[in-house]
Amino acid sequence: MIGVIYDDAYLEHKPPRYHIENPSRVSSIMSALYQRNIPIERPVTNVNEWLVKVHDLTYIHQIDSACEGNYVFIDADTYVSPGTCRAARLAVGAVIKGIDKVLSGEWNAAYAVVRPPGHHVGRSGRALMAPTQGFCIFNNVAVGAVYALSRGIDRVAILDFDVHHGNGTQEIFYNDPRVLYISLHQDPVTIFPGTGFIGEVGEGEGEGFNVNVPLPPLTGDDAYQDALNRVVWPIINEFKPQLILVSLGFDAHELETIANLRLSLNTYAEMFRGLRDLIGMVKGVIFVLEGGYNFEVLSRGSRLLVDIMSNRDFEIDEESTVTDPRVKSRVNSVIKEVVGVHKQYWHIE
Ligand SMILES: [Zn+2]
């Protein structure tokens, strides 16, 4: 069973002027989900104990004092409003609540419909020399992974399907073999945050536990699914995580104007089905909203997620996209290169 975690406090993280990352994103998702008759719970409220295990105190204080003022931009992309600090803590609290629900056996999947998003924030804000924090305040998924480890879980996988590389998450767990990070994203040469190359494989004990699959612009369903089948599922099956956290971005969809991949919801359905089939091997899957800015895609994609995870019939009213042969051959070379680099750590070919 899948449950949703949400709080109206997420609407109080407000931009000072029009911004693509705005409260209507989560309201459009929730109006689609309210019709679905699934459990909706509120986040855990006291998260400071866990927040400090991921973020520097100086960074947390800097954000808290920005919230005391009026509406400010802390960098060219990222704003803080008076309601941001509560929203951002409750975004972390939603992931923690989802983990509690799954570990208690009450649910086997959870969907944290949260904002602000998190995967671009590192320990102290901007991660890996990125120009900005890309709309993110606290790294929700990272705090969730650390919380899960403290609850007796030994192996957590973070799957990042957002179209942008999760530079913050990569930075935080780069040396940590207990947290496997796998990201499929648009080629960093062509898009923010400029990291997520194949050679970034982790360091020290964490070497081999960071897997990046940078896909060229215009990658469509067929080519993306090749990457899922040849890289993502085999590595997950070998790592055998006890828990999977998904950085769920809908911004790889072809209707998204912020990026240039060409996925339809058919590929999202494939990801959701693949994850549903892992339940049993894993105690549960926690989906955490990251990007996605087209309200139609957000609401239809979220409905698809809960329908698939609760084994309901579903319909996808979209044609699958076919990758142009020239782009497809570039995707093939990327997959080959990823396999070439990672076959020393995993049984992939
Ligand atoms: Zn994104």
Side-chain angles (χ1 to χ4, degrees), residues 10 13 15 19-26 28-29 75-79 88 91 95 111-122 125-142 144 158-172 181-197 200 211-220 224 227-228 232 245-265 267-268 271 287-302 305:
Y10 303 141
H13 170 58
H19 195 289
I20 187 172
E21 203 292 286
N22 60 60
S24 308
R25 297 176 60 235
V26 292
S28 65
I29 293 176
D75 60 42
D77 291 333
T78 315
Y79 57 82
V95 184
Y111 181 19
V113 182
V114 300
R115 60 184 289 281
H119 72 152
H120 295 306
V121 207
R126 282 191 298 134
L128 305 178
M129 318 277 281
T132 74
Q133 292 181 198
F135 321 153
C136 299
I137 302 296
F138 298 134
N139 197 317
N140 308 316
V141 159
I158 300 178
L159 290 185
D160 193 327
F161 292 132
D162 190 277
V163 79
H164 303 96
H165 177 238
N167 52 324
T169 314
Q170 170 170 313
E171 182 202 89
I172 291 163
Y181 178 68
I182 305 182
S183 177
L184 272 63
H185 46 266
Q186 185 174 324
D187 184 349
V189 170
T190 64
I191 201 167
F192 177 89
T195 51
F197 294 96
E200 299 161 18
V211 183
N212 285 321
V213 187
L215 299 162
L218 304 183
T219 295
Y224 194 99
L228 288 177
V232 178
L245 303 178
V246 180
S247 267
L248 181 59
F250 284 101
D251 45 7
H253 193 279
E254 64 173 338
L255 292 178
E256 287 283 349
T257 51
I258 196 175
N260 317 91
L261 295 197
R262 291 191 55 233
L263 302 191
S264 73
L265 286 179
T267 289
Y268 284 90
M271 299 166 187
F287 297 87
V288 183
L289 183 66
E290 300 281 1
Y293 306 95
N294 177 298
F295 301 146
E296 187 64 22
V297 171
L298 283 169
S299 52
R300 292 197 303 123
S302 299
L305 167 64

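Each ligand, and each atom within it, is numbered from 1 in the order the structure gives.
- Ring orientation note: the planes of Tyr224 and Phe161 are tilted relative to one another, at an angle of 30° to 60°.
- A donor-acceptor pair shorter than 3.5 Å can be found between the side chains of Thr195 and His165.
- Within the 2.8 Å limit, Glu290 places no N, O or S atom next to the Zn ion (ligand 1).
- The angle that His164 ND1 and Asp162 OD1 make at the Zn ion (ligand 1), rounded to 10°, works out to 100°.
- For His119, every N, O or S atom stays at 2.8 Å or more from the Zn ion (ligand 1).
- Checking Thr132, Asn167, Asn139 one by one against His120, the side-chain hydrogen bond (donor to acceptor under 3.5 Å, both in side chains) holds for a single residue, Asn167.
- With respect to the Zn ion (ligand 1), Asp251 has OD2 as its nearest N, O or S atom.
- Between the side chains of Gln170 and Asp160, no donor-acceptor pair is found at a separation under 3.5 Å.
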